[in-house]
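Take a look at the structure set out below.
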Amino acid sequence: MKSSGEATGLTQPSRLRVRCIPEVYEAYRYLLEVDLQPAGSRLAVILKNPSTASATRSDPTIGKVEAWARRQGFASLAYVNLFALRSTKPAPLNDYEYAHIVGPHNDRYILEAVQTADTVVAAWGNSNGIEAARYERRIAEVLLLLDRVPLKVVGPRTRQGQPRHGLLWNYEPQLMDFYKV
């Protein structure tokens with residue numbers, strides 16, 4: 001499978017398996033799973049909202065997170081999001097009803113991803129234009145949903161206090177506890 005850098009001739013390292021829900025590209029993406037190697041630990045990453053990545057196409061965030069996960073020795077990844085509605089930019093999510101941007105099945109797939117993971121990383125970053133009340137509401141809902149899950153972050157929090165977005169995982173040396181950052 002080639003990365004979004006296909007035009008430059010750079011290819012993404014091979015993936016053993018990819019599962020995407022839904023399987024066909026639709027308005028929502030609830031779960032994207034990627035196996036990187038045959039055995040090892042499983043990483044679940046909670047991002048903000050899905051962009052263009054699917055079972056057959058990567059995007060810059062997915063490429064960055066996969067590269068980081070490979071360097072850390074993870075065998076597989078599960079990507080889920082605070083909001084399941086696809087958008088290449090977060091601010092347009094404000095144009096929809098709250099329940100629509102969350103997605104009717106999103107919490108189910110967040111729980112599935114974290115229950116099968118060895119490590120769960122919060123990586124949603126700053127709101128980037130999503131109305132503050134909506135953003136904080138959804139973060140609170142997800143944190144309540146994952147009340148007993150030991151969350152991690154990669155690198156220091158943002159200036160606004162949010163966990164660093166996966167697109168900004170630039171060779172960070174270690175995972176840190178979510179609540180003790």
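All values below come from the heavy atoms of this structure, side chains included, with hydrogens, waters and symmetry mates left out. Computed from a predicted model, the values in this text were never measured in an experiment.
Rounded to the nearest 0.5 Å, atoms CZ (Arg19) and OG (Ser76) are 11.5 Å apart. Taken to the nearest 0.5 Å, the OG1 atom of Thr61 stands 8.5 Å off from the CG atom of Leu168. Atom CD1 of Ile21 is separated from atom CD of Glu23 by 7.5 Å, given to the nearest 0.5 angstrom.
Defined by atom type and a distance below 3.5 Å, a donor-acceptor pair is missing between the side-chain atoms of Arg86 and Thr52.
Inter-residue side-chain proximity for Leu47 and Tyr79 is flagged as met; some heavy-atom pair is nearer than 4.5 Å. Using a 4.5 Å cut-off on side-chain heavy atoms (C-beta onward), Val154 and Gln72 make no contact. At least one side-chain heavy atom of Glu66 sits under 4.5 Å from a side-chain heavy atom of Leu36. In this structure the side chain of Trp169 reaches within 4.5 angstrom of the side chain of Val121, judged on heavy atoms. Between Leu77 and Arg42 the shortest side-chain heavy-atom distance does not fall below 4.5 Å. Using a 4.5 Å cut-off on side-chain heavy atoms (C-beta onward), Asn49 and Leu82 make no contact. Side chains of Arg157 and Phe178 form a contact here, defined as non-hydrogen atoms less than 4.5 Å apart. For the pair Leu167 and Val65, the minimum side-chain heavy-atom distance is 4.5 Å or more.
Formation of a donor-acceptor pair under 3.5 Å by the Asn106 side chain with backbone atoms of Gly103 is not found in this model. Remark: side-chain polar atoms of Gln37 are paired, donor with acceptor, to backbone N or O of Phe74 under 3.5 angstrom. Under the 3.5 Å distance criterion, the side-chain polar atoms of Asn81 are left unmatched by any main-chain donor or acceptor of Ala84. One N or O on the side chain of Ser54 and one on the backbone of Arg57 form a donor-acceptor pair closer than 3.5 Å.
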>> Is there a side chain to side chain contact (heavy atoms under 4.5 Å, CB included) between Asp95 and Ile101? Walk through the geometry before answering.
In response: CA-CA 9 Å; Asp95 298 338; Ile101 63 175; over 6 Å; no
> Which is it for Lys152 and Asp118 under the salt bridge (Lys or Arg N to Asp or Glu O under 4.0 Å) test, yes or no, and what are the steps along the way?
Replying inline: CA-CA 11 Å; Lys152 302 287 187 179; Asp118 299 297; over 6 Å; no
> What do the steps show when you test Asn170 against Lys64 for side chain to side chain contact (heavy atoms under 4.5 Å, CB included), and what is the final call?
Replying inline: CA-CA 8 Å; Asn170 298 318; Lys64 181 73 71 126; 2.5 Å; yes
>> His100 vs Leu85, test: side chain to side chain contact (heavy atoms under 4.5 Å, CB included). Steps then yes/no.
In response: CA-CA 7 Å; His100 182 71; Leu85 186 66; 3.9 Å; yes
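Of all non-hydrogen atoms in Leu32 and Ala53, the two that sit nearest each other are CD2-CB, 4.2 Å. Pairing each heavy atom of Val45 with each of Ala123, the nearest pair is CG1-CB, 3.8 Å. Summarising the geometry of Leu43 relative to Ala69, their closest heavy-atom pair is CD2-CB, 4.1 Å, with the distance given to 0.1 Å. Between Arg29 and Pro22 the shortest heavy-atom distance is CA-CD, 4.1 Å. The heavy-atom pair separating Ala113 from Ala78 by the smallest distance is CB-CB, 3.9 Å.
By the 6.0 Å and 45° rule, Arg134 does not stack over the aromatic ring of Phe83. For Arg137 and Tyr98, the positive end sits near the middle of the six-membered ring, less than 6.0 Å away and at most 45° from its axis.
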Using a 3.5 Å cut-off and no angle test, enumerate the donor-acceptor pairs between side-chain atoms of residues 124-132 and protein atoms at least two apart in sequence or in another chain.
from: Trp124; atom 1: NE1; to: Gln162; atom 2: OE1; distance (Å): 2.9
from: Asn126; atom 1: OD1; to: Thr158; atom 2: OG1; distance (Å): 2.6
from: Asn126; atom 1: ND2; to: Gln160; atom 2: OE1; distance (Å): 2.3

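Between Tyr30 and His105, the two ring planes are perpendicular [angle over 60°; tilted spans 30° to 60°].
Residues Val120 and Leu111 fall within the same hydrophobic cluster, defined by Ile, Leu, Val, Met, Phe, Trp and Tyr side chains chained together at heavy-atom separations under 4.5 Å. Both Leu145 and Leu151 are part of a single hydrophobic cluster, where members link through side-chain heavy atoms under 4.5 Å apart.
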